[in-house]
Amino acid sequence: MAQEYKPNPLDYELPKTPKGAMDAWMPRLQAVAVVTALLAGIEAQLISNLPSPTVTPHASSTVLRFFAYSGLILNLGATLSTILLLIAVASLPTTARQIYVSCPHSYPRNVFHRRAEYIDELNDHLIDGQGETYLLRAFGIARGWSFMLRHCIACFLGGCLCSFVHIGLGLWLEEGTVVAAILMPAVAFSFVPPFVAFTFYMNSPACHECRKERKPSHDSEV
């Protein structure tokens with residue numbers, strides 16, 4: 001009778017590709033955590049300098065406070081999401097090792113033992129454009145990874161927008177009209193180009209030759 005294989009967790013090491021994805025995410029998330037915490041601190045300082053509310057506050061004062069507190073809360077939300085994402089990424093080697101030991105059908109075990117069918121399947125998913133998210137999921141990233149990542153991005157962009165609107169309204173209310181009119185284009189230029197670049201231009205450029213090769217094969221399938 002063949003002896004049942006018992007994987008040794010001490011033998012397992014995270015493969016090079018998922019480890020590279022993990023190492024790439026760590027500094028990104030650390031940078032986002034620092035920036036969002038800094039923005040939250042700036043908003044808290046600006047809120048402390050707001051005039052005390054009156055019994056019947058003016059509409060402009062109400063709008064100013066709304067964007068001030070929204071910017072603070074959203075940036076704190078982005079910081080919290082980033083901390084959870086950092087914990088998930090840092091836990092990846094341990095999680096992959098647990099899956100390696102417990103699940104014989106998993107990518108961690110079969111890729112570690114270089115079983116061709118699992119490696120080919122994983123390569124197909126990566127080529128199809130599923131990228132780092134699928135790779136991290138295959139090796140045991142937390143189930144809430146995608147949700148928390150979307151939450152972090154939404155809070156970060158929303159917090160930045162509220163902060164810039166807060167600063168812009170503060171310029172109109174506190175400074176002279178001429179000064180505000182001169183500085184408003186700078187406020188818009190500081191926010192709009194990065195927002196447009198993040199929304200439309202953060203993906204890598206496609207290879208034109210590969211696109212030409214895939215188009216005939218797609219047409220033949222149709």
Side-chain angles (χ1 to χ4, degrees), residues 12 14-44 66-103 105-112 118 121-166 191-204 206:
Y12 183 77
L14 199 63
K16 182 178 180 180
T17 301
K19 187 177 185 304
M22 182 190 75
D23 293 340
W25 271 106
M26 291 293 286
R28 300 178 201 171
L29 294 172
Q30 289 169 354
V32 173
V34 170
V35 171
T36 53
L38 178 62
L39 290 174
I42 293 173
E43 280 294 342
F66 169 79
F67 282 105
Y69 284 103
S70 295
L72 174 62
I73 294 169
L74 288 172
N75 281 305
L76 288 175
T79 304
L80 178 60
S81 295
T82 307
I83 297 301
L84 294 177
L85 290 170
L86 278 169
I87 294 173
V89 172
S91 303
L92 186 63
T94 301
T95 307
R97 186 177 295 109
Q98 292 172 349
I99 297 173
Y100 167 79
V101 173
S102 61
C103 181
H105 313 290
S106 64
Y107 280 113
R109 183 182 295 190
N110 290 285
V111 171
F112 182 77
Y118 286 86
E121 182 181 350
L122 185 59
N123 286 334
D124 290 339
H125 285 291
L126 297 178
I127 292 173
D128 288 340
Q130 300 185 36
E132 288 181 340
T133 298
Y134 185 87
L135 182 65
L136 293 173
R137 284 177 178 171
F139 283 85
I141 198 70
R143 289 185 297 171
W145 169 265
S146 296
F147 173 77
M148 294 307 299
L149 185 59
R150 293 188 185 97
H151 179 266
C152 175
I153 294 172
C155 287
F156 176 63
L157 293 177
C160 288
L161 176 61
C162 289
S163 297
F164 277 99
V165 173
H166 176 200
F191 177 77
V192 174
F195 177 79
V196 173
F198 177 82
T199 306
F200 300 105
Y201 301 109
M202 289 299 288
N203 56 328
S204 58

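Just so you know, these numbers use all the heavy atoms, side chains as well, and skip hydrogens, waters and symmetry mates. Residues take their numbers from the sequence shown, with the count starting at 1.
Contact check for Val89 versus Leu29: side-chain heavy atoms found under the 4.5 Å cut-off. Between Leu74 and Cys162, the closest side-chain pair of non-hydrogen atoms falls below 4.5 Å. Contact of the His151 side chain with the Cys155 side chain is registered, since non-hydrogen atoms from C-beta on lie closer than 4.5 Å. No side-chain heavy atom of Arg97 sits under 4.5 Å from any side-chain heavy atom of Pro108. With a 4.5 Å cut-off on side-chain heavy atoms, Glu132 and Pro18 do not count as touching. For the pair Leu136/Trp25, a side-chain contact is recorded, criterion being any heavy-atom separation below 4.5 Å from C-beta on.
Of all non-hydrogen atoms in Ala40 and Leu76, the two that sit nearest each other are CB-CD2, 3.8 Å. Taking each heavy atom of Asn75 and Ser163 in turn, the nearest pair found is ND2-OG, 3.6 Å. Minimum heavy-atom separation, Gly71 to Glu43: C-CG, 4.0 Å. For the residue pair Met26 and Ala90, the shortest heavy atom distance occurs at SD-N, 4.3 Å.
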With side chain to side chain contact (heavy atoms under 4.5 Å, CB included) as the test, would you mind laying out the steps for Thr95 and Ile141 before giving the verdict? CA-CA 7 Å; Thr95 307; Ile141 198 70; over 6 Å; no
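Not a single side-chain hydrogen bond (donor to acceptor under 3.5 Å, both in side chains) links Trp145 to another residue, sequence neighbours left out. Contacts of Arg150 classified as salt bridge (Lys or Arg N to Asp or Glu O under 4.0 Å), with partners at least two apart in sequence or in another chain: none. Evaluation of the side-chain hydrogen bond (donor to acceptor under 3.5 Å, both in side chains) rule for Thr82 yields no partner, not counting sequence neighbours. For Arg137, the side-chain hydrogen bond (donor to acceptor under 3.5 Å, both in side chains) partners two or more places apart in sequence, or in a different chain, are Ser146. Looking at residues two or more places apart in sequence or on another chain, you find no side-chain hydrogen bond (donor to acceptor under 3.5 Å, both in side chains) involving Ser70.
Of the inter-residue distances, the one linking Phe156 atom CZ with Cys152 atom SG reads 8.0 Å to the nearest 0.5 angstrom. If you take OG1 on Thr94 and CD1 on Ile99, they are separated by 11.0 Å, rounding to the nearest 0.5 Å. To the nearest 0.5 angstrom, Phe139 atom CZ is 12.0 Å from Met22 atom CE. The CG atom of Leu14 sits 13.0 Å away from the OH atom of Tyr100 when rounded to the nearest 0.5 Å. Distance check: Leu85 CG to Leu80 CG gives 9.5 Å after rounding to the nearest 0.5 Å. Between the CD1 atom in Ile87 and the CG atom in Leu92 there is a gap of 14.0 Å [rounded to 0.5 Å].
Of the N and O atoms on the side chains of Tyr134 and Tyr107, at least one donor lies less than 3.5 Å from an acceptor on the other residue.
Listed for the Ser81 side chain is no donor-acceptor partner under 3.5 Å among the backbone atoms of Ala78. No donor-acceptor pair closer than 3.5 Å links the side chain of Arg109 to the backbone N or O of His105.
Relative ring orientation between Phe112 and Tyr12 is described as tilted, the plane-to-plane angle lying within the 30° to 60° band.
Listed by first and then second residue, the side chain to side chain donor-acceptor pair (under 3.5 Å) pairs that reach into residues 29-39 are Thr36-Thr79, sequence neighbours excluded.
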